[in-house]
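Only a predicted model underlies this, so the values are computations on that prediction, with no experimental measurement involved.
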Amino acid sequence: MSLNRDRADTAFTFKGGMLPMTVMELASGDPERIRAQLAGKVSQAPAFFQHTPVVLSVEQLDEPHLALERICAVCRAHKLLPVAVRGGSDPVKQSAWALGLGWFPPQESRPRAVETKPVEAAAEAELPVPPQETVVQAGGRIHRGTVRSGQQISASEGDLVVIGAVNPGAEVLAAGSVHVYGSLRGRALAGIHGDREAGIFCHDLHAELLSVAGTYKRLEDIDPKMLGCSVQVQLKEDQLRISALT
């Protein structure tokens, strides 16, 4: 009886977890410069700026009295939701706490732990990373190589073809369709100028965000049965439909 009563009285539990989070690395502390750049980004990919939580990284700045409140206001005006600050001096930390934000210490490079790997994996790890190459063609763009975290590849006209993987934290955008011949773990936005006939096609779906003509799905909204599969994403009746690519 007491065990059941304890469970009924439990209002919450703490659990560790890793959630996808966008880091906004500030190269300037000027709110107006940030506002101007965000306005351009919103016009390119409005679906991404839909109540997206972000961590403001101020590690590149040397400004002890950062206008953090104004920067947060600019972000919220563009539908970004600042949830924490990373780096900065003690006054920046105090400002973050006063605004109800979390604070993370500066990111440090740590030595990687030595792991025992199978022979095949070890041999693969020793291969040199292939160089990236982006070719802009009439009506589209081809990118060869991995699109790495924090990198954005876009095609302002036509389709974007990525011959490689799209890592977490990376973003690929196209006025037409997006084709990824590899694992899609970042964000993919097709039809960024409103083309409802555009689509997203990939060989291994683990995307943080999918969007076609402004209609989007996040990772948690994707049917788990589709994860890891070759899929096509299309807009039908104002809903994103994800189906197997045959």
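Defined by atom type and a distance below 3.5 Å, a donor-acceptor pair is missing between the side-chain atoms of Thr52 and Arg187.
Contact check on Glu208 versus Lys217 returns no salt bridge, with no Lys/Arg side-chain nitrogen under 4.0 Å from an Asp/Glu carboxylate oxygen. Classification of Arg86 and Glu59 as a salt-bridged pair holds, one side-chain N sitting under 4.0 Å from a carboxylate O. Using a 4.0 Å cut-off between charged nitrogen and carboxylate oxygen, Asp238 and Arg196 count as a salt-bridge pair.
Evaluation of the ring-ring contact (aromatic ring centres under 6.0 Å, His included) rule for Tyr181 yields His203 as partners, not counting sequence neighbours. With sequence neighbours left out, the ring-ring contact (aromatic ring centres under 6.0 Å, His included) criterion links His206 to no other residue. Under the side-chain hydrogen bond (donor to acceptor under 3.5 Å, both in side chains) criterion, Arg241 pairs with no residue, sequence neighbours left out.
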field: Audit row: Arg148, Thr146, side chain to side chain donor-acceptor pair (under 3.5 Å) steps and yes/no
entry: CA-CA 6 Å; Arg148 307 197 179 281; Thr146 298; 4.5 Å; no

query: After noting the C-alpha distance and the side-chain angles of Ser149 and Arg185, does the key distance pass the side chain to side chain donor-acceptor pair (under 3.5 Å) rule?
result: CA-CA 10 Å; Ser149 178; Arg185 296 181 178 272; over 6 Å; no

- prompt: Should Val147 and Asn167 be marked as a side chain to side chain contact (heavy atoms under 4.5 Å, CB included) after you check the CA-CA gap, both sets of side-chain angles, and the distance that decides it?
  reply: CA-CA 6 Å; Val147 185; Asn167 283 354; over 6 Å; no

- prompt: Taking it one step at a time, do Leu210 and Leu184 satisfy side chain to side chain contact (heavy atoms under 4.5 Å, CB included)?
  reply: CA-CA 10 Å; Leu210 299 168; Leu184 172 56; 4.0 Å; yes

task: Check the pair Val166 / Ile153 against side chain to side chain contact (heavy atoms under 4.5 Å, CB included), numbers first and verdict last.
output: CA-CA 10 Å; Val166 179; Ile153 302 294; over 6 Å; no

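Judged as a ring pair (Phe, Tyr, Trp, His ring centres under 6.0 Å), not a single pair has a partner in residues 220-246 (not counting sequence neighbours). Sorted by first then second residue, the ring pair (Phe, Tyr, Trp, His ring centres under 6.0 Å) pairs that include residues 223-246, not counting sequence neighbours, number zero.
Taking each heavy atom of Gly164 and Val180 in turn, the nearest pair found is O-CG1, 3.5 Å. Annotation for Asp204 and Gly228: closest pair OD1-CA, 3.0 Å, computed over non-hydrogen atoms.
Side-chain contact between Val54 and Val23 is absent, with no heavy atoms from C-beta onward closer than 4.5 Å. Within the 4.5 Å cutoff, the side chain of Leu209 has heavy atoms near those of the Leu189 side chain. Using a 4.5 Å heavy-atom threshold, the side chains of Leu99 and Glu69 count as touching. Side-chain contact between His78 and Gln37 is absent, with no heavy atoms from C-beta onward closer than 4.5 Å. Here the side chains of Leu235 and Leu240 are in contact, with some heavy-atom distance below 4.5 Å. Annotation: side chain of Asp159 is not in contact with side chain of Val178 (no heavy-atom distance under 4.5 Å).
Judged by distance alone, with hydrogens and angles left aside, the side-chain atoms of Ser177 form a donor-acceptor pair with the main-chain N or O of Gly199 at under 3.5 Å. The backbone N or O of Gly87 sits less than 3.5 Å from a side-chain atom of Trp103, completing a donor-acceptor pair.
Cluster partners of Leu245, using a side-chain heavy-atom cutoff of under 4.5 Å among ILVMFWY residues and allowing indirect links, are Phe201.
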